[in-house]
Amino acid sequence: MDEKLEALSENVENAEKEAVSKNFIEQIIDRDIAEGRCRQVVTRFPPEPNGYLHIGHAKSILLNCGLAKKYGGKFNLRFDDTNPTKEKTEFVESIIEDVKWIGGDFEDRLFFASNYFGEMYEGALRLIRKGKAYVCDLSADEIREYRGTLTEPGKNSPYRERSVEENLDLFERMKNGEFPDGSKVLRAKIDMASPNINMRDPVIYRVARLTHHNTGDQWCIYPMYDYAHPIEDAIEGVTHSICTLEFEDHRPLYDWVVRELEYENPPKQIEFAKQYLTNVVTGKRYIKKLVEQGVVDGWDDPRLVTISALRRRGFTPESIRMFMELCGVSKANSSADYAMLEYCIREDLKLKRPRIMAVLDPVKLVITNYPEGKVEYLTAQNNPENKEMGTRLIPFSRELYIEREDFMIDPPKKYFRLYPGNEVRLMNAYFVKCTDYVTDEQGNVTEIRCTYDPETKSDSGFSGRKVKGTIHWVSALHAVQVTARLYENLIDEEKGVYNEEDGSMNLNPNSVTVCDRCCVEPAVQGAKPYASFQFLRNGFFCVDYKDTTDERLVFNRIASLKSSYKPEAK
RNA sequence: UGGGCUAUCGCCAAAUGGUAAGGCACUGGAUUCUGAUUCCAGCAGUUCAAGGUUCGAAUCCUUGUAGCCCAGCCA
């Protein structure tokens, strides 16, 4: 009794601790709420539509969305599309799809920074009138020279002291297209001697005649990120603008813009460390190279960690959310083991997916004392750990396929599977004892012969003797032929992702193994793209949407099952 | 060599001056019709280092060390 009470109070304590253990961003928000700086939390995910989202973006989406949910606030999806050179509508579509899939619920709040160009232009005018911005005629090269270096201060631009009137006139003419691309910029007038290079009169508007995916040819001047972003946040009433660590140095400029433009309830920028995964390629340039070289079959190749690739491989949004939850949020650069992600997907699929038998590398097994031509339908649980998933019937007959690995002529110690003279259980069926085997001229096993014991039928209550091994099988006559691909890391884990000498990638030449003779029990028939299963003893597999045809199912292995079996020397 | 940031187990990560949570990985062992799952046990004599303050330091101070980011009219 005392023990129980103790355990109970311990549980309560733990629950409390868990509730108290908040990440550093939640602690900041708590303080902002307690001190009255914030009424309702508003966050946003602000991608530039210039590529596909990957697992790192998933962290940001889930963090922002999760925070809004936790505090009863709002979460926006906003495209940060202020630089038309790199942006495409194609990407806005794929990003929306990925954000929704991963569970980033922005409801009806889909925004575009480009819709705020007018307000940004007005803001620039205000800055000019306040004497806080000026038009500069220096070339890009000259601006760089004037900027100074990390250790030396910069010099003032000769155009820095232009009058408000002249600046107003020039800026309007920039907008009207009177000056060629790159000939003039608008700069914030801050401090050319600042130790923070971002504060050395940063460029806030450039002239560029580009067709924008959203605004077309309406504008020929475009605002820069540092100027635009705080305005976007302020317009949307974002309270906590969460970004990655490399923007820490930009925060003073973010605050400067918000202050000079006199926004009430100014948004606050908070930086966190990116989510890295060990030995995984996330760089756009590198993925592009892999696609171009044909190493992978697209941005959604199952070995990649773009969101579309994870989806194709068979990861679920739940598993990715669990992974992010497990990783936590901090300001320390770190890199999570892929094993953690695998743990999450196994955990998620364990009780949710049917467990069926599939033989990846088949070898024939003949039951010599089983009548020829007889077919028996055996009952199996679809998921023994989740009875609600019901049962199915599996055909059993004289000729079966079993896994080549599950038979050895001359096995080492502690090999529990089939070998001459040994008896094992055929899962969901009978005990079977190896009596003989046939090999070809090269010595490869082509057929295994066994006898079965009808008394040992599964669920018959037989307890006469025990057997060490249980193996899976498929009736030869009824087998569905499919293709299964087994993946290893794309990267050679010994060497790490990048080759330091030439910047190339250290690829693992065996990152994919194709089993094209894979035999599965009839239950797979009719499986649709993205459907997934546990193939007993082999792992979780998902129907590939790209390569599956009406004639043939193609499966990708999502993750293997853990195994403590180590083949040992005799 | 200017500025900003970070450092707690193999990998993540808590701890907010009160005596190092948790998860992944790993290692035993039990149960098992999946060598899976589940269960149980183990896994930081000390928090980058060295000094100091304190009854008490991962937390405060001092001095170092290491790593990451910044010199786009990219985001």
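Proteins get letters first, then strands, A, B, ... in listed order; numbering begins at 1 in each.
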> Give a yes/no verdict on a cation-pi contact between A:Arg78 and A:Tyr116, requiring under 6.0 Å between NZ or CZ and the six-membered ring centre and an angle within 45° of the axis.
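Geometry flag: not set, cation outside 6.0 Å or 45°.
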> Which part of the nucleic acid, if any, lies within reach of A:Arg417 when heavy atoms closer than 4.0 Å are counted: base, sugar-phosphate only, or nothing?
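Since a base atom lies under 4.0 Å of A:Arg417, the category is base.
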> Do any side-chain nitrogens or oxygens of A:Arg537 fall under 4.0 Å of OP1 or OP2 in B:U37?
no
> Picking from B:C73, B:A13, B:C68, which would you name as closest to the side chain of A:Asn333?
B:C68
> Taking only N and O in the side chain of A:Thr82, is any of them less than 4.0 Å away from OP1 or OP2 of B:A75?
yes
> Using the test ring-ring contact (aromatic ring centres under 6.0 Å, His included), find all partners of A:Phe179 that sit at least two apart in sequence or belong to another chain.
none
> Are there any protein N/O atoms within less than 3.5 Å of an N/O atom in nucleotides 1-3 of chain B, and if so, which ones and at what distance?
{"from": "B:G2", "atom 1": "N9", "to": "A:Leu150", "atom 2": "O", "distance (Å)": "3.3"}
{"from": "B:G2", "atom 1": "N3", "to": "A:Leu150", "atom 2": "O", "distance (Å)": "3.0"}
{"from": "B:G3", "atom 1": "N2", "to": "A:Asp249", "atom 2": "OD1", "distance (Å)": "3.4"}
{"from": "B:G3", "atom 1": "N2", "to": "A:Asp249", "atom 2": "OD2", "distance (Å)": "2.6"}

> Pick one: which of A:Asp233, A:Asn64, A:Thr43 meets side-chain hydrogen bond (donor to acceptor under 3.5 Å, both in side chains) with A:Ser241?
A:Asp233
> So if I take every side-chain heavy atom of A:Ser564 and compare against B:A75, B:U34, B:A36, which nucleotide ends up nearest?
B:A36
> Mind checking what makes salt bridge (Lys or Arg N to Asp or Glu O under 4.0 Å) contact with A:Glu90, not counting sequence neighbours?
none
> Would you be so kind as to tabulate the donor-acceptor pairs closer than 3.5 Å made by side chains of residues 322-334 of chain A, with sequence neighbours excluded?
{"from": "A:Ser330", "atom 1": "OG", "to": "A:Ala332", "atom 2": "N", "distance (Å)": "3.2"}
{"from": "A:Lys331", "atom 1": "NZ", "to": "A:Glu248", "atom 2": "OE2", "distance (Å)": "2.7"}

> When you compare the protein's N or O atoms with those of nucleotides 25-31 of chain B, which come within less than 3.5 Å of each other, and at what distance?
{"from": "B:C26", "atom 1": "OP2", "to": "A:Lys562", "atom 2": "NZ", "distance (Å)": "3.3"}

> Residues two or more places apart in sequence or in another chain: which of them pass side-chain contact (heavy atoms from CB on, under 4.5 Å) with A:Asn279?
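side-chain contact (heavy atoms from CB on, under 4.5 Å) check on A:Asn279 returns A:Asn489, A:Ile491, A:Glu493, A:Val497.
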> For A:His250, answer base if it contacts any base atom (sugar-phosphate contacts may also be present), sugar-phosphate if it contacts only those atoms, and nothing otherwise; contact means non-hydrogen atoms under 4.0 Å.
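Here A:His250 touches the bases of the nucleic acid.
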> Looking at B:U6, B:C74, B:C70, which one has an atom nearest to any side-chain atom of A:Asn198?
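The answer is B:C70.
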> Who pairs with A:Lys175 by side-chain hydrogen bond (donor to acceptor under 3.5 Å, both in side chains), at least two apart in sequence or on another chain?
none
> On the nucleotide B:G72, are OP1 or OP2 found under 4.0 Å from the side-chain N or O atoms that A:Arg144 carries?
yes
> Who are the side-chain hydrogen bond (donor to acceptor under 3.5 Å, both in side chains) partners of A:Lys70, not counting sequence neighbours?
A:Glu26
> So if I take every side-chain heavy atom of A:Asn83 and compare against B:U34, B:C12, B:A75, which nucleotide ends up nearest?
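Within the option list, the nearest is B:A75.
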> Classify A:Val329 by what it touches in the nucleic acid, base, sugar-phosphate, or nothing, heavy-atom distance under 4.0 Å.
sugar-phosphate
> Looking only at side-chain N and O atoms, does A:Arg206 come under 4.0 Å of OP1 or OP2 in B:C74?
yes
> In terms of the nearest nucleotide of RNA chain B, which residue is placed more toward the 5' end: A:Asp137 or A:Lys466?
A:Lys466
> Counting just side-chain N and O atoms, does A:Arg147 come under 4.0 Å of either OP1 or OP2 of B:G72?
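For A:Arg147, the contact criterion (side-chain N or O under 4.0 Å from OP1 or OP2 of B:G72) is met.
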> So if I define the base as every atom that isn't primed, P, OP1 or OP2, how would nucleotides 38-44 of chain B read as a B/S/- string at a heavy-atom cutoff under 4.0 Å?
S------
> Which stems does RNA chain B form, counting runs of 3 or more consecutive Watson-Crick or G-U wobble pairs with both distances under 3.5 Å?
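Looking at RNA chain B, the stems formed by three or more consecutive pairs are B:2-7 with B:65-70, B:10-12 with B:22-24, B:26-30 with B:38-42, B:48-52 with B:60-64.
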> In this structure, how many angstroms lie between the P atom of B:U37 and the CD atom of A:Gln534, rounded?
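Computing the A:Gln534:CD to B:U37:P distance gives 10 Å.
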> Just call it for A:Ile471: base, sugar-phosphate, or nothing, with non-hydrogen atoms closer than 4.0 Å on any strand.
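Nothing, no nucleic acid heavy atom in range.
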> Using the salt bridge (Lys or Arg N to Asp or Glu O under 4.0 Å) criterion, which residues pair with A:Arg557? Sequence neighbours excluded.
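Salt bridge (Lys or Arg N to Asp or Glu O under 4.0 Å) list for A:Arg557, sorted by chain: empty.
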> B:C73, B:U34, B:A75: which one has an atom nearest the side-chain heavy atoms of A:Asp80?
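Minimum distance to the A:Asp80 side chain belongs to B:A75.
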> Listed by chain and number, what are the salt bridge (Lys or Arg N to Asp or Glu O under 4.0 Å) partners of A:Arg465, not counting sequence neighbours?
A:Glu423, A:Asp453
> From the options B:U34, B:A14, B:C74, select the nucleotide whose nearest atom is closest to the side chain of A:Ser21.
B:A14
> For A:Val185, which contact category applies under a 4.0 Å heavy-atom criterion: base, sugar-phosphate, or nothing?
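Base, at least one base atom sits under 4.0 Å.
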